[in-house]
Amino acid sequence: MKVLYVSSECVPFIKTGGLADVAGSLPVELARQGADIRVVLPKYRRIDPYWKDRMVHIAEYPVLFGSRSMYCGIESLTDQGVTYYFVDNEEMFGVDAIYGDGLQEGYRFAFFCRAVAEMCRHIDFCPDVLHLNDWQTGLLAAMLRTQYLDDARLCHMRIVFSIHNLRYQGLFDWRAMNARLGFDERLFTPDYLEFYGALSCMKAGLVFADHINTVSPTYAAEIRTAYYGERLDGLLRARGEAVSGILNGIDRTVYDPATDRFLEHHYGPDDMAGKAKQKTLLQREMGLPERPGTPVIAMISRLTPQKGLDLVERVLADILRMDVQLVLLGDGDRHFVDLLNWAAWRYPGQVGTYIGMNEGLAHRVYAGSDLFLMPSQFEPCGLSQMIALRYGSVPVVRETGGLKDSVIPYNKYTDEGTGFSFANYNAHEMLFVLERAVQYYYEDRPMWQRLVRRGMEADFGWAASAKQYLALYDMLSGGTEPHKKERAAK
């Protein structure tokens, strides 16, 4: 099985969010399971020289981009059994911020899509399956299905389009973009690329891919409803059984409290002494009193309404009336940045905040906390709750998307579960569940230890999910969806 995995970011080369973690770990596991998988991403200026020095130039060719013929080079390197291709064009990718610069962002990823389409003509690799990820790659599906129909090498490829977050859709001015894309004007209709007067790169992937995948089964169902569908739920319902969900995983070699390079004290489910020591170190690092018996509640998050920060804001005083400490790590909307800074000032010795993203500190927060709060409004998958479980921090989550698929709510009657959850997006419902969790922490230590152990022993590695992806690739390369095969058999 030959697969070309197309992504705008990928660990360890460039990262702004969870997409990079998935692109950096899923292909490695797919390669372990026998797939010939290659990953392609832009060669950004920000990529560390360590990686740039290992790249080998393998191809160059002109890319027609509107009225211009632009240079495109392909660099390559191999790491952990996976070959990575890097699309080189300094004008497009020599930027410090890879997202968020308006129309130029649209041009950047439109060029990337065109360059990847042309790359498949110029390198010695012809994939069976093209796996696209999020809106930055959606235009590639439209290009292949409308502009390369005379190229048998490209037409045979089956296309999987993965949605990591439907809210971010890549909406741009049609005329400005199409001056460089050259699509037939008839594609700018509600049935194809038009979305409320704009060109939708996300919609291009949804319309033209052979199969649409999301990063958790629950999210696949949720986005076909009006509440979660971001005005694309009708299209997703129309795609029927061509939409499915496979739960993301985490890299268990990176996130392992027994070997984590960011931790001073290591531990595992059979020996938790190291976690107690890490808790003391975390309290010290965050400027909190070193109180081993006080539960530490942690949040590591982009500071946006999606992540439930507005719920925390409404009941922050109620949370801190409990005998707890709160550790918050993240960056984002100015309103929530100000909230966190205010909370640290208003509740000294009880709230510790860090504005920004710090990988080492994040690992120490997972290791040193007792509870991990994720009250998301929606969460396509979420990796933090899986990492928290791995590090013995009990998650308290809202039942949505991947949070619902990965956290089993505790049942006191059967003594089963790995965390705590609440159903409605409601601040006081969240508060009630958090109070219940803290009560268990103080009043039933044996139960708490069993809860922590079950979470640490849960397997959220990529092995099982990779098998599902290989089955999906195999089904698609056979040319039909499963329901069509069943009907044909009948």
Q. Under the side-chain hydrogen bond (donor to acceptor under 3.5 Å, both in side chains) criterion, do Asp405 and Thr218 qualify, and how do the steps go?
A. CA-CA 7 Å; Asp405 291 330; Thr218 294; 2.6 Å; yes

Q.
Can you confirm whether more than 12 heavy atoms, excluding those of Tyr354, are under 6.0 Å from its OH atom?
A. yes

Q) Nearest heavy-atom pair of Val394 and Gly419: which atoms, and what distance? A) CG1-CA, 3.8 Å

Q) Between Phe372 and Tyr366, does the ring centroid distance fall short of 6.0 Å? A) yes

Q. Is the count of non-hydrogen atoms from other residues, nucleotides or ligands lying under 6.0 Å from Phe432 atom CZ greater than 12?
A. no

**Q.** Nearest heavy atoms of Leu247 and Pro217, plus distance in Å
**A.** N-CD, 4.0 Å

Q: Check the side chains of Asp96 and Tyr44 for a donor-acceptor pair under 3.5 angstrom, ignoring hydrogens and angles.
A: no

(Q) Between Asp210 and Arg158, does any NZ, NE, NH1 or NH2 come within less than 4.0 Å of an OD or OE carboxylate oxygen? (A) yes

Q.
Using salt bridge (Lys or Arg N to Asp or Glu O under 4.0 Å), reason through Arg175 and Asp173 one step at a time and then give a plain yes or no.
A. CA-CA 6 Å; Arg175 299 214 171 274; Asp173 180 77; over 6 Å; no

Q: Establish, yes or no, whether a centroid distance under 6.0 Å links the rings of Phe188 and Phe183.
A: no

Q: Tell me, with the steps shown, if Met143 and Leu181 meet side-chain contact (heavy atoms from CB on, under 4.5 Å).
A: CA-CA 9 Å; Met143 291 174 184; Leu181 294 168; 3.5 Å; yes

**Q.** Short N-O contact, Asp415 and Arg450, less than 4.0 angstrom
**A.** yes

Q: Inspect the contact between Arg108 and Glu105 and indicate whether a charged nitrogen and a carboxylate oxygen are less than 4.0 angstrom apart.
A: no

(Q) I'd like to know if Glu9 pairs up with Lys15 as an ion pair, taking the criterion as any Lys NZ or Arg NE/NH1/NH2 lying under 4.0 Å from an Asp or Glu carboxylate oxygen. (A) no

Q: Starting from the C-alpha separation in whole Å, work towards a yes-or-no answer on salt bridge (Lys or Arg N to Asp or Glu O under 4.0 Å) for Asp459 and Arg252.
A: CA-CA 9 Å; Asp459 185 359; Arg252 289 168 60 86; 3.5 Å; yes

Q) If we only count heavy atoms from C-beta on, is the Cys120 to Tyr148 side-chain gap below 4.5 Å? A) no

Q | Interatomic distance, Thr146 atom OG1 to Phe208 atom CZ [nearest 0.5 angstrom] | A | 5.5 Å

Q | Step-by-step side-chain hydrogen bond (donor to acceptor under 3.5 Å, both in side chains) determination, Arg38 to Tyr85 | A | CA-CA 7 Å; Arg38 319 283 178 94; Tyr85 298 120; 2.6 Å; yes

Q: Taking the side chain as every heavy atom from C-beta outward, state whether Val63 and Cys72 have any pair of such atoms under 4.5 Å apart.
A: yes

Q: Grab the two heavy atoms, one from Thr189 and one from Arg186, that are nearest each other, plus how far apart they are.
A: CG2-O, 3.2 Å

Q: Return the minimal non-hydrogen interatomic distance between Gln385 and Met374, and the atom names on each side.
A: N-SD, 3.4 Å

Q) So, are Arg390 and Asp256 salt-bridged, with charged N and O less than 4.0 Å apart? A) yes

**Q.** Pair Asp21-Asp251, side-chain contact (heavy atoms from CB on, under 4.5 Å): steps then yes or no
**A.** CA-CA 8 Å; Asp21 291 310; Asp251 188 331; over 6 Å; no

(Q) So which atom in Leu340 and which in Thr353 form the shortest heavy-atom distance, rounded to 0.1 Å? (A) O-CG2, 3.3 Å

Q.
For the CG atom of Leu235 and the NZ atom of Lys203, what is their distance to the nearest 0.5 Å?
A. 6.5 Å

Q | Electrostatic pair Glu457-Arg453, nearest N-O below 4.0 angstrom | A | yes

**Q.** Option among Arg398, Met430, His428 that satisfies the side-chain contact (heavy atoms from CB on, under 4.5 Å) test with Leu311
**A.** Met430

Q. Are side-chain heavy atoms of Asp233 and Ile223 found at a separation under 4.5 Å?
A. no

(Q) Quick one: does any side-chain atom of Asn165 pair with a main-chain N or O of Arg167 as donor and acceptor, under 3.5 Å? (A) yes

Q.
Under a plain distance cut-off of 3.5 Å, with no hydrogens placed, do Asn213 and Ser162 share a side-chain donor-acceptor pair?
A. yes

(Q) For a quick check under 3.5 Å, do Thr400 and Gln377 share a side-chain donor-acceptor pair by atom type? (A) no

Q) Does the distance from a Lys or Arg side-chain N to an Asp or Glu carboxylate O, for Lys307 and Glu379, drop under 4.0 Å? A) yes

Q: Can you see which heavy atom on Ala35 is nearest to which on Leu470, and at what distance?
A: CB-CD2, 3.8 Å

Q.
Side chains of Asn411 and Glu416 only: does a donor on one sit below 3.5 Å from an acceptor on the other?
A. no

(Q) So does Tyr219 get a backbone contact from the side chain of Thr214, meaning a donor-acceptor N/O pair under 3.5 Å? (A) no

Q: Assert yes or no for the condition that the ring centre distance of Tyr228 to Phe378 is strictly below 6.0 Å.
A: no

Q: Could you tell me whether a side-chain N or O of Asn426 sits under 3.5 Å from a main-chain N or O of Glu429, the two making a donor and an acceptor?
A: yes

Q. Does the side-chain hydrogen bond (donor to acceptor under 3.5 Å, both in side chains) test come out yes or no for Tyr425 and Asp310, once each step is laid out?
A. CA-CA 10 Å; Tyr425 193 70; Asp310 53 334; 2.5 Å; yes

Q: For this output row, return yes or no: ring centroids of Tyr99 and Trp135 closer than 6.0 angstrom.
A: no

Q.
Show, in sequence, the C-alpha distance, side-chain angles and deciding distance for Tyr391 and Asp260, and conclude whether the side-chain hydrogen bond (donor to acceptor under 3.5 Å, both in side chains) test is met.
A. CA-CA 10 Å; Tyr391 281 71; Asp260 193 321; 2.5 Å; yes

Q: Check whether any side-chain heavy atom of Thr137 sits under 4.5 Å from a side-chain heavy atom of Phe109, and report yes or no.
A: no

Q: Check whether the side chains of Gln169 and Arg231 place a donor and an acceptor atom closer than 3.5 Å, and report yes or no.
A: no

Q | Sidechain-backbone polar pair: Ser465 side chain, Trp462 backbone, donor-acceptor under 3.5 Å | A | no

(Q) Does any part of the side chain of Asp88, heavy atoms only, come nearer than 4.5 Å to the side chain of Met55, both counted from C-beta? (A) no

(Q) Within a 6.0 Å radius of atom CZ on Arg153, are there more than 12 heavy atoms belonging to other residues, nucleotides or ligands? (A) yes

Q: Report yes or no: do Glu185 and Trp174 form a side-chain donor-acceptor pair below 3.5 Å?
A: yes

**Q.** Ring center gap for Phe172 and Tyr107 short of 6.0 angstrom
**A.** no

Q) Does the gap between the ring centers of His131 and Phe161 come in under 6.0 Å? A) no

Q: Answer yes or no: are there more than 12 heavy-atom neighbours, outside Lys404 itself, under 6.0 Å from its atom NZ?
A: no

**Q.** Side chain to side chain, Leu451 and Tyr410, heavy atoms closer than 4.5 Å
**A.** yes

Q: Over 60° means perpendicular and under 30° means parallel, so classify the ring planes of Phe93 and Phe111, tilted if in between.
A: tilted

Q: Please step through side-chain contact (heavy atoms from CB on, under 4.5 Å) for the pair Phe195 and Leu171, ending with a clear verdict.
A: CA-CA 8 Å; Phe195 186 75; Leu171 303 179; 3.7 Å; yes

Q: Using modelled atom types only, decide if a donor and an acceptor are shared between the side chain of Asp101 and the backbone of Gln104 within a distance under 3.5 Å.
A: no

Q) Got Thr304 and Phe336 here, is their nearest side-chain heavy-atom distance under 4.5 Å? A) no

Q) Looking at side-chain heavy atoms only, is the closest gap between Asp79 and Trp51 below 4.5 Å? A) yes

